Amino acid sequence: MNAASDSILVINCGSSSIKFSLVQPQSGEHLLKGLAERLGSEEAGLSWKGKVNGEKTIGAADHKQALLEVVELLRVSGLTPAGVGHRVVHGGEQFSASCLVDEDALAATRATQHLAPLHNPVNLLGIEAAQAAFPELPQVMVFDTSFHQSMPRRAFLYPVPYELYEEHAIRRYGFHGTSHRFVVAKAAEQLGRPLEELALVSAHLGNGCSAAAVLGGKSMDTTMGLTPLEGLVMGTRSGDVDPSLHEHLCNTLNLSLAEVGSLLNKKSGLLGLSGLTNDMRELLEAEEAGNERAAIAVEVFCFRLAKQIASLVVSLGRLDALLFTGGIGENSAQVRARCLKLLPFLGLDLDEVANAVHGRESGGRISHSSSPAALVVATDEELLIARDTAELLT
Ligand code: AMP
């Protein structure tokens, strides 16, 4: 036995990168964190932080070879995980909870591949590579979508012919489930109340953004839909637009559907509006320096965020707390304040002093003690994956 023998290796596999983290599920400590990137190219590299930090080139390693490097790194660091937890983007309607990897689970995940063609195949590749690298370890899949499987049909159905749902699984799924699930549980702790009693809106604001209405610990509605493009303004994604925009752009700019998809996913949102950057911190600085386009981007971001938060309260009937998380939600006092100023009718009473110190000295609370509360809650998706994995191993 070594110090890490009950720790979990968490793997998040992208098309050319693998993020990994060795997490102690009880304490939440990250014993080792690293990134294998530019996989498949000559410049593939591995970097890590832990007791010792380091980096090395790994030739033209693919996912499998990169994970063998991680095995070696763990061995020389004297760290032995008890299991491996994988982030998987889409679990379709098959998965409303995390599950152990077996042939049936893999087949069911493959069957949802068409719903996330850019993500699920690489997530599955990561699982296969990890099975080869750690043949003796149990593996678990934790889905971005599963938390939102509790949404009622009024929230998950699109008003299009019902057969499209029945025959092609066209519906709203929602994403960022691990983050929303983590922060609502933590918010209940911060508020000192059982999660089962609480009506919460959780706003995950990072480079990708989504908000969710969570009643008694169950997701009732969320802003992302069939894909992560729906909903809030994001770093490079537009969020909601008129569905006829696709046809209109195809006709007026002579773009293909794929080009419109790329425009809405990669060139829109904060980047598209500002023409400057997708980075909120840089935009706030540029706005301060008088850049009008940066100001427009932040204004639209905050307005649409407030509007969607208000609409999510419909699913709850009341609001006990609004939670801010993700890089922007946890760090930008300005975005939080601007959003709350647009929601006076919710009774959220901003405490400017607590907000300025990110609520750190008031247990995350950035509103005065009246209800509802506004809270800053730091997310840790890797810890949630580690905890789900540890639970399934026992
Ligand atoms: P994430 O994807 O969760 O890492 O979040 C990335 C986003 O958080 C980027 O838009 C960053 O600019 C933003 N961010 C991080 N720190 C700050 C900060 N201090 N103020 C404003 N935005 C921040």
Side-chain angles (χ1 to χ4, degrees), residues 10 12-15 17 19-21 30 33-35 37 47 49 87 89 119 144 175-184 186-187 202-212 222-224 228-229 231-239 265-289 291 293-306 323-341 350 352 354-361 364 366 374-385:
V10 176
N12 182 355
C13 219
S15 55
S17 70
K19 281 190 205 149
F20 60 92
S21 190
H30 290 248
K33 233 174 146 72
L35 174 69
E37 54 189 337
S47 57
K49 285 184 179 161
R87 175 196 179 210
V89 167
H119 294 103
D144 279 12
F175 298 85
H176 286 149
T178 48
S179 179
H180 292 301
R181 187 150 74 92
F182 184 85
V183 296
V184 295
K186 215 162 151 205
S202 145
H204 176 107
L205 311 175
N207 199 29
C209 300
S210 76
T222 190
T223 54
M224 285 178 168
L229 183 59
L232 302 175
V233 177
M234 310 181 213
T236 62
R237 289 181 223 148
S238 61
N265 276 289
K266 298 186 180 150
K267 298 178 196 153
S268 297
L270 294 172
L271 173 67
L273 281 171
S274 69
L276 208 61
T277 173
N278 60 340
D279 189 295
M280 180 58 87
R281 197 171 5 188
E282 288 174 24
L283 285 173
L284 290 167
E285 283 163 12
E287 183 187 30
E288 183 80 20
N291 185 306
R293 290 274 297 276
I296 291 170
V298 180
E299 187 182 326
V300 175
F301 180 94
C302 293
F303 176 72
R304 285 189 167 225
L305 171 61
L323 322 177
F324 289 97
T325 194
I328 300 172
E330 290 168 36
N331 296 303
S332 178
Q334 216 190 116
V335 168
R336 294 192 300 258
R338 285 164 77 162
C339 170
L340 289 189
K341 275 205 184 98
L350 182 70
E352 307 260 2
N355 189 38
V357 293
H358 304 178
R360 275 189 200 111
E361 282 149 30
I366 56 163
L375 300 179
V376 178
V377 186
T379 193
D380 190 342
E381 295 165 82
E382 286 155 346
L383 176 55
L384 186 126
I385 293 174

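Count residues from 1 along the sequence. Owing to the predicted nature of the structure, the values given are computational and were not obtained by experimental measurement. The basis for the numbers below is simple: all heavy atoms, side chains too, and nothing from hydrogens, waters or symmetry mates. Atoms within a ligand are numbered from 1 in the order they appear, just like the ligands themselves.
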Given the options Thr277, Leu273, Leu271, Asn278, Leu283 meets side-chain contact (heavy atoms from CB on, under 4.5 Å) only with Thr277

Would you mind checking which non-hydrogen protein atom is closest to atom 17 (C) of ligand 1, with the distance to 0.1 Å?
Asn331 CB, 3.5 Å

What pair of heavy atoms forms the shortest contact from Ala378 to Lys186, and how long is it?
O-NZ, 3.3 Å

Minimum heavy-atom separation for Ala333 to Ala356, with atom names?
CB-CA, 4.4 Å

Nearest atoms (heavy-atom pairs only) where His30 meets Ser21:
ND1-OG, 2.9 Å

Closest heavy-atom pair and its distance - Asn265, Arg237
O-CG, 3.3 Å

Determine, considering heavy atoms only, which of Leu283, Thr277, Asn207 sits nearest to atom 6 (C) of ligand 1.
Asn207

of all protein heavy atoms, closest to atom 13 (C) of ligand 1 is Ile328 CG1, 3.6 Å

Close N or O approach (Gly208, ligand 1; < 3.5 Å)
no

Report the nearest protein non-hydrogen atom to atom 9 (C) of ligand 1: residue, atom name, distance rounded to 0.1 Å.
Met280 N, 4.0 Å

For Ser332, the ligand 1 atoms with a heavy-atom partner under 4.0 Å come out as 20 (N), 21 (C)

Considering distance alone, does some N or O of Gly327 sit under 3.5 Å from an N or O of ligand 1?
yes

Pull out every atom of ligand 1 sitting under 4.0 Å from any heavy atom of Gly206, numbered as shown with elements.
1 (P), 2 (O), 3 (O), 5 (O)

Are side-chain N/O atoms of Asp144 and His119 paired as donor and acceptor at under 3.5 Å?
no

Look only at interatomic distance and state if His204 has a nitrogen or oxygen under 3.5 Å from any nitrogen or oxygen of ligand 1.
no

Does Lys19 come within less than 4.0 Å of Glu382, counting only side-chain N to carboxylate O?
no

How far is atom 11 (C) of ligand 1 from the closest protein heavy atom, and which atom is that?
Asp279 OD1, 3.8 Å

Is the shortest N/O to N/O distance between Arg281 and ligand 1 below 3.5 Å?
yes

Taking all heavy atoms of Met234 and all of Gly208, pick out the closest pair and write down the distance.
SD-CA, 4.1 Å

